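In what follows, a single structure is set out as structure tokens and then discussed.
In what follows, residues are counted from 1 in the order of the sequence shown. Everything quoted here is computed from the prediction, not taken from an experiment.
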Amino acid sequence: MKFLPFAAVLLCLAAPASHAEEAPLFRMTSDIGLEPNGKSPNLVFQEVVRNENSSTIEAEHGTGRVATKTMFVMRGACALMKERKKQAFTIVHLSKQPIRFNVQFLDESPVAAETGDAHAQKRVSSAQCELVESILKR
């Protein structure tokens, strides 16, 4: 009977250590001001599943323009790519309710683009993400 409490303490101490190694899922919320109608767009970009070469994202949005929402998703995907130390990605739409899509990380290989890789046309590179960020900072 004395062994049981000791074993429980060891399990409690070991559990946080195993979870501490896992990176938290990525989350980005809107930092933009109010829309012209006076309402906040309430945009959220939440990673819900993480794999080695992809992430499933769930997006939440309130009112607002489609362009604002699209740029927010692009900024979220770029920030996620940077956090995961990847070089390029494509986005694949999964569902409308809830809004889910998959960010697939790819090699930023110029050879793939030149050979007609199916993803080459949709590929977003780290250089393109930097360009988007520099434009949005103005």
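In plain terms, the two heavy atoms of Ala88 and Arg123 that are nearest each other are CB-CG, 3.8 Å.
Ser54 and Gln104 share no donor-acceptor pair across their side chains, judged by distance under 3.5 Å alone. Side chains of Arg84 and Ser55: a donor-acceptor N/O pair is present below 3.5 angstrom, by distance only.
Arg100 places no side-chain N or O within 3.5 Å of a backbone atom of Val48 that could act as its donor or acceptor partner.
Using a 4.5 Å heavy-atom cutoff, the side chains of Met71 and Val132 are in contact. Side-chain contact between Ile57 and Leu94 is absent, with no heavy-atom pair separated by less than 4.5 Å. The side-chain heavy atoms of Asn51 and Asn53, taken from C-beta on, include no pair separated by under 4.5 Å.
Using a 4.5 Å cut-off between side-chain heavy atoms of Ile, Leu, Val, Met, Phe, Trp and Tyr, with links allowed through other members, Ile91 and Phe105 fall into the same hydrophobic cluster. No single ILVMFWY cluster, assembled from side-chain heavy atoms under 4.5 Å apart, contains both Val44 and Phe101.
The distance from atom CZ of Phe45 to atom OG of Ser30, rounded to the nearest 0.5 Å, is 13.5 Å. With rounding to the nearest 0.5 Å, the separation of CE in Met74 from SG in Cys129 is 6.5 Å. If you take OG1 on Thr90 and NZ on Lys122, they are separated by 7.5 Å, rounding to the nearest 0.5 Å. The distance from the NZ atom of Lys82 to the CD atom of Gln87 is 12.0 Å, given to the nearest 0.5 Å. In this structure, CE in Met81 is found 7.0 Å from OG in Ser125, a value given to the nearest 0.5 Å.
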Under the side-chain contact (heavy atoms from CB on, under 4.5 Å) criterion, do Lys69 and Leu43 qualify, and how do the steps go? CA-CA 7 Å; Lys69 296 172 190 176; Leu43 304 171; 3.9 Å; yes
Chi angles and distances behind the salt bridge (charged side-chain N to carboxylate O under 4.0 Å, His left out) call for Arg50, Glu83: CA-CA 12 Å; Arg50 178 176 285 198; Glu83 178 185 284; 3.1 Å; yes
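The side chain to side chain contact (heavy atoms under 4.5 Å, CB included) with Phe89 is formed by just one residue from the set Leu80, Val124, Leu106, Asn102; it is Val124. For the side chain to side chain donor-acceptor pair (under 3.5 Å) with Gln46, the qualifying choice from Arg27, Glu60, Glu58 is Arg27, the only one to do so.
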